[in-house]
Amino acid sequence: MKLLLFGGTFDPPHRGHIHNLEAAIRAVEPDLVVVMPAGIPPHKAASHTDGEIRLEMCQCFRDCFPNLVVSRWEVDQGGKSYSIHTLEHLAREYPGARIYMAVGSDMLLTFTQWYRWQEILRRATLVCTSRQAGDDPQLLAAARELERQGGQVILAPAPALEVSSTQIRQGNAPRELLPPLVQRLVEEYHLYQEKG
Ligand code: ATP
């Protein structure tokens, strides 16, 4: 079974995330997609949206794939989330599954700074989508280097859609870059009214 994991803070989920996930789905053709909003360290909790609301917003990903679950595991763990712990959890929950991890280019380019990154490479194939037009040569170089270290990296082709959650929170990106469900929840919970 091919399991595609898509993790992130998702504060809020936006079209760039959907774009990334759809490109990864095309590249991997998974049997199951697991979307995993991250826990937040206690000292940052006040400046971030509550896990329950981020879980609700992540329901927007359901339209991307018929067999998709939004997991509350990292949120329930509380505190900062580490991908290696999540991969160990998924290996226990789905024994024998081959795990793929969808990431944006910023994540691939900083991958060797991640906690226990060599073990992540042993447990998962990285599936990377560009976030910035023109970064393909850098991505290719980073992918080759990680492969040299024994990892497996798939570059999922898709034109970059340059938007971030930070831009949305700060009011610097059009709200149309939010899926309709997320737009509704942002209004209902009065999110992102203070800039930052
Ligand atoms: P923030 O601005 O709060 O740091 P973000 O927009 O970078 O948030 P995250 O929730 O941190 O979003 O990202 C989750 C995953 O989605 C990461 O792997 C990230 O690289 C990827 N991602 C985010 N935005 C895009 C985008 N526009 N295109 C492709 N991938 C993206």
Side-chain angles (χ1 to χ4, degrees), residues 4-28 33-41 44-51 53-61 64-65 68 70-72 74-75 80-84 86-87 99-115 117 120-121 124-136 138-139 142-143 146 151 153-179 182 185-186 191-192 194-196:
L4 176 65
L5 168 66
F6 188 38
T9 315
F10 301 126
D11 188 13
H14 52 66
R15 294 247 170 248
H17 293 130
I18 289 182
H19 186 68
N20 179 319
L21 180 57
E22 287 179 342
I25 289 170
R26 282 195 301 274
V28 171
V33 173
V34 178
V35 173
M36 184 81 76
I40 305 274
K44 285 195 180 165
S47 57
H48 282 81
T49 305
D50 183 68
I53 296 180
R54 289 183 295 113
L55 280 162
E56 208 176 336
M57 292 196 285
C58 282
Q59 295 299 326
C60 71
F61 293 116
C64 297
F65 194 70
L68 181 148
V70 177
S71 170
R72 50 179 306 121
E74 287 187 4
V75 167
K80 186 169 165 48
S81 306
Y82 292 100
S83 298
I84 186 63
T86 303
L87 291 173
I99 301 183
Y100 296 78
M101 235 173 95
V103 294
S105 38
D106 53 324
M107 296 293 156
L108 190 75
L109 296 175
T110 55
F111 187 75
T112 56
Q113 293 162 32
W114 290 23
Y115 176 60
W117 62 272
I120 298 177
L121 283 186
T125 298
L126 303 182
V127 188
C128 177
T129 306
S130 167
R131 288 187 71 158
Q132 207 186 346
D135 65 2
D136 289 354
Q138 263 179 298
L139 295 185
L146 292 174
V153 183
I154 297 172
L155 296 179
L161 206 170
E162 295 184 21
V163 56
S164 69
S165 298
T166 304
Q167 288 170 342
I168 305 271
R169 290 197 302 277
Q170 295 180 340
N172 293 330
R175 286 282 158 115
E176 291 70 55
L177 289 171
L178 299 180
V182 176
L185 293 171
V186 166
L191 304 178
Y192 316 126
E194 285 172 29
K195 306 214 160 185

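Just follow the structure's listing: the first ligand is 1, and inside any ligand the first atom is 1. Throughout, numbering of the chain's residues begins at 1 and tracks the sequence.
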*Against heavy atoms of Ser164, which atoms of ligand 1 measure under 4.0 Å?*
2 (O), 6 (O)

*Heteroatom distance test (Arg131, ligand 1): nitrogen or oxygen, under 3.5 angstrom*: yes

*Find out whether Leu178 and Pro12 are in side-chain contact, i.e. whether some heavy atom of one side chain is under 4.5 Å from a heavy atom of the other.*
yes

*asked:* List ligand 1 atoms under 4.0 Å from Phe10, heavy atoms only on the residue side.
replied: 10 (O)

*Main-chain N/O of Gln113 paired with Thr110 side-chain donor or acceptor, under 3.5 Å*: no

*ligand 1 and Asp11, any nitrogen or oxygen pair closer than 3.5 angstrom?*
no

*asked:* Checking Gln132 against Ser105: is there a side-chain donor and acceptor pair closer than 3.5 Å?
replied: no

*asked:* I'd like to know if the side chain of Ser81 and the backbone of Gly39 have a donor-acceptor N/O pair within less than 3.5 Å.
replied: yes

*Should one rank Val163, Leu161, Asn20 by closest heavy-atom distance to atom 21 (C) of ligand 1, which comes out on top?*
Asn20

*Can you tell me the protein heavy atom closest to atom 17 (C) of ligand 1 and the distance?*
Met107 CG, 3.8 Å

*Could you tell me whether the side chain of Ile154 reaches within less than 4.5 Å of the side chain of Tyr100, counting heavy atoms only?*
yes

*Measure the distance from atom 6 (O) of ligand 1 to every protein heavy atom, then report the residue, atom name and distance (to 0.1 Å) of the closest one.*
Ser165 N, 2.7 Å

_Heteroatom proximity flag, Arg169 to ligand 1, N/O under 3.5 Å_ = yes

*Protein residue, atom and distance nearest to atom 9 (P) of ligand 1, heavy-atom basis*: His17 NE2, 3.5 Å

*asked:* Using heavy-atom distances only, which candidate in Ala23, Gly104, Pro13 approaches atom 18 (O) of ligand 1 most closely?
replied: Gly104

*asked:* If we set the cut-off at 4.0 Å for heavy atoms, which region of Gln167 has an atom near ligand 1: side chain, backbone, both, or neither?
replied: neither

_Minimum heavy-atom distance Gly51-Val75, with the two atoms named_ = CA-CG1, 3.9 Å

_Proximity flag Glu162 to ligand 1, non-hydrogen atoms under 4.0 Å_ = no

_Enumerated ligand 1 atoms positioned under 4.0 Å from heavy atoms of Phe6_ = 15 (C), 16 (O)

_For the 3.5 Å polar cut-off, considering only N or O atoms, please tell me whether Val103 and ligand 1 meet it._
no

*Can you tell which part of Thr166 has a heavy atom less than 4.0 Å from ligand 1: side chain, backbone, both or neither?*
both

*Nearest 0.5 Å please: distance from the OG1 atom of Thr49 over to the CG atom of Leu55.*
12.0 Å

*Which atoms of ligand 1 have any heavy atom of Gly7 under 4.0 Å away?*
14 (C), 15 (C)

*asked:* Using a 3.5 Å distance criterion without hydrogens, assess whether the side chain of Ser165 forms a donor-acceptor pair with backbone atoms of Phe10.
replied: no

*So do Leu146 and Leu121 actually touch side chain to side chain, heavy atoms under 4.5 Å?*
yes

*To which protein heavy atom is atom 20 (O) of ligand 1 closest, and what is the distance rounded to 0.1 Å?*
Asp106 OD1, 2.6 Å

*Looking only at atom types and distance, does a side-chain atom of His19 sit under 3.5 Å from a main-chain N or O of Glu162, one as donor and one as acceptor?*
no

*Mind checking whether Ala38 has a heavy atom under 4.0 Å from ligand 1?*
no

_Numbered atoms and elements of ligand 1 in range of Gly8, under 4.0 angstrom, heavy atoms_ = 10 (O), 14 (C)

*Does Thr9 have any side chain to side chain contact (heavy atoms under 4.5 Å, CB included) partners at least two apart in sequence or in another chain, and if so, which?*
Asp11, Ile40, His48, Arg54

*Val33 versus Leu21, closest heavy-atom pair with distance*: CG1-CD1, 4.0 Å

